[in-house]
Amino acid sequence: MSKNVRVRFAPSPTGPLHIGGVRTALFNYLFAKKHGGSFLLRIEDTDQNRYVEGAENYIVDALNWCNIPFDEGPGKNEKFGPYRQSERKHLYKQYADQLIKEGKAYYAFDTSEQLDAHRKDHEANGKTFIYNWHNREKGRLVNSLVLSSDETQEKIDTGEPFVIRFKSPQDEILELKDIIRGDISIDTNTLDDKILFKSDGMPTYHLANIVDDHLMEISHVIRGEEWLPSLALHQLLYNAFGWKAPQFAHLPLILKPTGKGKLSKRDGDKLGFPVFPLEWKDPKTNETSRGYKEDGYFPEAVVNFLAFLGWNPGTEQELFGLEELINDFDLERVNKAGARFDPDKTKWFNHHYMQQQLDLHLAEEFKEMNSELTEIDVNYIALVIGLIKERATFISEFWSLSHYFFKTPETYDEKAFKKAVKDGTIDLMQKTIEIITSTREFTVQNLQSKLKGWITDNEIGFGKVMMPLRLALVGALQGPDVFEIMFLIGKNETVKRIDALVNSI
């Protein structure tokens, strides 16, 4: 392993960052940190037509929320800057010109109408049109390989639109290596001559990312499987420039929970889960898309479940903090096959991380979310949360699990009432009030000892007392230990609630 590991995450600012993109960023981050390297953010905004206002800030905010911030990038430690491709466009033309000068690329003046006619002609004969070695010099296409140098220059001088195409080699077998997928062989005769430079004066992704990766000294390119078909071209470009290529690793797709294909926003909308890390409001349509943060997920849970989408530690362990992930992560343990997204598993991770949170921290967030708690001491809320968080997956569920700690029940669950209230319940509840009232040290242990002692000594069925008691306190047959509830709401409130039940029978 090279001592100077440098990796990059290079998204396009065309909208919110998909959770698959976050997974790519995470794997780059883990790899860099494991090997003491640097994690770069580069904004690939060469396609100005698809640029969306606010998308770049969203990407940065998403990485920061996930606790995987970049070491170098726009506005931060810019020693290889600028880190936006649109600000680097003056760099790319010279490299395209170099390839033309060396006979490794050429000008092409074919219009879209001409190319479309070629495609239709091929289709009519049962063939597929590919712009490459078998037709680029036969005169049917308009490029600098068939035009004289004077004709070519005249077209350029008169402002005729052109693109620069890479001259892919003929009759070669290209041997490629991928850390995840192993050895790959490509017959160069099957490759088309990709456009490197567009008529609008901007490079395509292929040229820009090769030049940038070289100039930024990227050692490993870790990216999604969708870029695997471009690997041959990228390796050929490195060869053409005489540069050492980085090592490549193509991550598996994140698949839909059910059915075939990649995970999409539509899957999230249909099944009720977000596919973006943060909430996103589309500046064009004003449509708002859900985010994991706003849906109540902890960033640690999101990072943990994303790590398992394609990577396997080789053990039974499932809960990994960020430092553990850094220590254990290995690209060679990333699977080739697509990773199926499981919404229930994401909730499972969030539930576990909920239990690890400090009760006071959760109480502060819960209080901020709920206007009913404005006047309640946050330390009291924290005590309540300590009793109910085991049943919760999200902070948003706290109120339904704990409202009776803050408000006296106004109604009783109908089924619970029928189940708990029997002949003799009034007498038993009145005796319960006497015992509670006479308990001087109002502690959980004392209440438990006195009430359970009375029930046992008088051979009363526990359910005959405990069910109506819980109903009085909660309004339903649910919740944590009744003695804990009584202790927290206090003696006066406890007696008041039992009295209310007795009066309702």
Side-chain angles (χ1 to χ4, degrees), residues 7 9 11 15-34 39-41 54-71 73 76 222 251 254 263 265 268 272-281 288-311 313 317-329 339 341-369 385 389-390 392-398:
V7 299
F9 176 53
L17 182 61
H18 188 275
I19 206 71
V22 182
R23 196 271 309 260
T24 299
L26 172 63
F27 282 19
N28 274 278
Y29 177 89
L30 296 176
F31 184 80
K33 297 307 162 188
K34 173 155 187 158
F39 170 54
L40 285 67
L41 174 67
E56 182 183 323
N57 288 338
Y58 179 96
I59 291 164
V60 174
D61 291 344
L63 296 180
N64 288 334
W65 180 70
C66 290
N67 298 314
I68 52 171
F70 55 90
D71 300 307
K76 184 178 180 182
I222 304 166
L251 306 175
I254 298 178
L263 178 72
K265 180 180 179 297
F273 62 86
V275 295
F276 303 125
L278 310 177
E279 188 176 85
W280 168 260
K281 187 171 184 179
T288 299
S289 300
R290 293 163 58 184
Y292 277 94
K293 178 185 178 183
E294 291 75 15
D295 266 26
Y297 284 84
F298 299 103
E300 299 90 343
V302 173
V303 164
N304 201 152
F305 80 68
L306 282 179
F308 274 77
L309 289 176
W311 172 75
Q317 183 179 344
E318 289 188 278
L319 296 172
F320 282 80
L322 192 56
E323 287 303 317
E324 289 178 293
L325 285 173
I326 290 168
N327 290 333
D328 288 17
F329 184 76
F341 186 87
D342 183 351
D344 291 332
K345 192 68 175 181
T346 64
K347 291 180 180 178
W348 179 87
F349 276 110
N350 210 61
H351 172 79
H352 280 275
Y353 279 95
M354 169 80 79
Q355 311 317 309
Q356 295 178 12
Q357 302 294 313
L358 294 174
D359 293 344
L360 188 59
H361 172 67
L362 293 173
E364 287 165 350
E365 288 199 37
F366 181 35
K367 183 172 181 175
E368 200 173 306
M369 288 167 58
I385 286 171
K389 73 176 183 181
E390 190 181 327
T393 298
F394 302 104
I395 293 175
S396 58
E397 296 169 350
F398 283 175

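Heavy atoms only: backbone and side chains are in, while hydrogens, waters and symmetry mates are out. As the structure is a prediction and not an experimental result, all values here were calculated from the model.
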Peer 1: Go through Tyr58 and Trp280 one step at a time and tell me if the side-chain contact (heavy atoms from CB on, under 4.5 Å) criterion holds.
Peer 2: CA-CA 8 Å; Tyr58 179 96; Trp280 168 260; 3.5 Å; yes
Peer 1: For residues Phe320 and Val303, determine if any side-chain heavy atom of one lies less than 4.5 Å from a side-chain heavy atom of the other.
Peer 2: no
Peer 1: Compare every heavy atom of Phe398 with every heavy atom of Ala392, then report the nearest pair and how far apart it is.
Peer 2: CB-CE2, 3.6 Å
Peer 1: Does any non-hydrogen side-chain atom of Leu41 lie less than 4.5 Å from one of Pro11?
Peer 2: yes
Peer 1: Quick one: does Asn304's side chain have a donor or acceptor within less than 3.5 Å of a partner on Gly321's backbone?
Peer 2: no
Peer 1: Could you give the distance from CD (Glu56) to CG (Leu17), rounded to the nearest 0.5 Å?
Peer 2: 12.5 Å
Peer 1: Check this for me: Glu364, atom CD, are more than 12 non-hydrogen atoms of other residues, nucleotides or ligands nearer than 6.0 Å?
Peer 2: yes
Peer 1: Using modelled atom types and a 3.5 Å cut-off, is there a donor and acceptor pairing between side-chain atoms of Asp71 and backbone atoms of Phe39?
Peer 2: yes
Peer 1: Which heavy atom of Gly296 sits nearest a heavy atom of Asn350, and at what distance?
Peer 2: O-ND2, 3.3 Å
Peer 1: Any luck finding a side-chain donor-acceptor pair between Gln357 and Glu365 under 3.5 Å?
Peer 2: no
Peer 1: Rounded to the nearest 0.5 Å, what separates atom NZ in Lys33 from atom CD1 in Ile68?
Peer 2: 11.0 Å
Peer 1: Spell out, as yes or no, whether a donor-acceptor pair under 3.5 Å connects the side chain of Tyr29 to the backbone of Ile326.
Peer 2: no
Peer 1: Check whether any side-chain N or O of Gln355 sits under 3.5 Å from a backbone N or O of His351 as a donor-acceptor pair, and report yes or no.
Peer 2: yes
Peer 1: Given Thr346, which partner from the list Phe341, Phe308, Phe273 fulfils the side-chain contact (heavy atoms from CB on, under 4.5 Å) test?
Peer 2: Phe341
Peer 1: Of all heavy-atom pairs between Ala32 and Val7, which one has the smallest distance, and what is that distance?
Peer 2: CB-CG2, 3.7 Å
Peer 1: So how far is it from Phe366 CZ to Met369 CE, rounded to the nearest 0.5 Å?
Peer 2: 7.5 Å
Peer 1: Check the pair Ile254 / Arg23 against side-chain contact (heavy atoms from CB on, under 4.5 Å), numbers first and verdict last.
Peer 2: CA-CA 9 Å; Ile254 298 178; Arg23 196 271 309 260; 3.9 Å; yes
Peer 1: I'd like to know if Glu318 pairs up with Lys345 as an ion pair, taking the criterion as any Lys NZ or Arg NE/NH1/NH2 lying under 4.0 Å from an Asp or Glu carboxylate oxygen.
Peer 2: yes
Peer 1: What distance separates Leu278 CG from Asn57 CG, expressed to the nearest 0.5 Å?
Peer 2: 11.5 Å
Peer 1: Which pair of heavy atoms, one from Val22 and one from Pro277, lies closest together, and at what distance?
Peer 2: CG2-CG, 3.7 Å
Peer 1: Is the NZ atom of Lys293 crowded by more than 12 outside heavy atoms at less than 6.0 Å?
Peer 2: no
Peer 1: Does Asn64 use its side chain to pair, donor to acceptor, with the backbone of Pro69 at less than 3.5 Å?
Peer 2: no
Peer 1: Does the side chain of Asp359 come within less than 4.5 Å of Lys389's, by heavy atoms?
Peer 2: yes
Peer 1: Aromatic rings Phe329 and Trp311: how do their planes relate, parallel, tilted or perpendicular, breaks at 30° and 60°?
Peer 2: tilted
Peer 1: What do you reckon, are the aromatic ring centroids of Phe394 and Tyr297 less than 6.0 Å apart?
Peer 2: yes
Peer 1: Working to the nearest 0.5 Å, report the span between CG of Leu251 and CG of Asn28.
Peer 2: 7.5 Å
Peer 1: CD of Glu368: more than 12 outside heavy atoms within 6.0 angstrom?
Peer 2: no
Peer 1: Taking the side chain from Glu279 and the backbone from Arg290, do they hold a donor-acceptor pair closer than 3.5 Å?
Peer 2: no
Peer 1: Provide the closest heavy-atom pair for Leu319 versus Glu324 in the form atom of the first, atom of the second, distance.
Peer 2: O-OE1, 3.9 Å
Peer 1: Give a yes or no answer on whether the side chain of Lys281 reaches the backbone of Thr288 with a donor-acceptor pair at less than 3.5 Å.
Peer 2: no
Peer 1: To the closest 0.5 Å, what do you measure between CD1 (Ile395) and NZ (Lys367)?
Peer 2: 15.0 Å
Peer 1: Run the numbers on Tyr292 and Phe276 for ring-ring contact (aromatic ring centres under 6.0 Å, His included), then give the verdict.
Peer 2: CA-CA 7 Å; Tyr292 277 94; Phe276 303 125; 9.4 Å; no
Peer 1: Do Leu325 and Lys34 pass the side-chain contact (heavy atoms from CB on, under 4.5 Å) test, and can you show the C-alpha distance, the side-chain angles, and the key distance before you say yes or no?
Peer 2: CA-CA 9 Å; Leu325 285 173; Lys34 173 155 187 158; over 6 Å; no
Peer 1: Minimum heavy-atom separation for Leu306 and Ile19, please, with both atom names.
Peer 2: CD2-CG1, 3.5 Å
Peer 1: Does Val60 form a side-chain contact (heavy atoms from CB on, under 4.5 Å) with Phe70? I'd like the steps, not just the answer.
Peer 2: CA-CA 8 Å; Val60 174; Phe70 55 90; 4.0 Å; yes
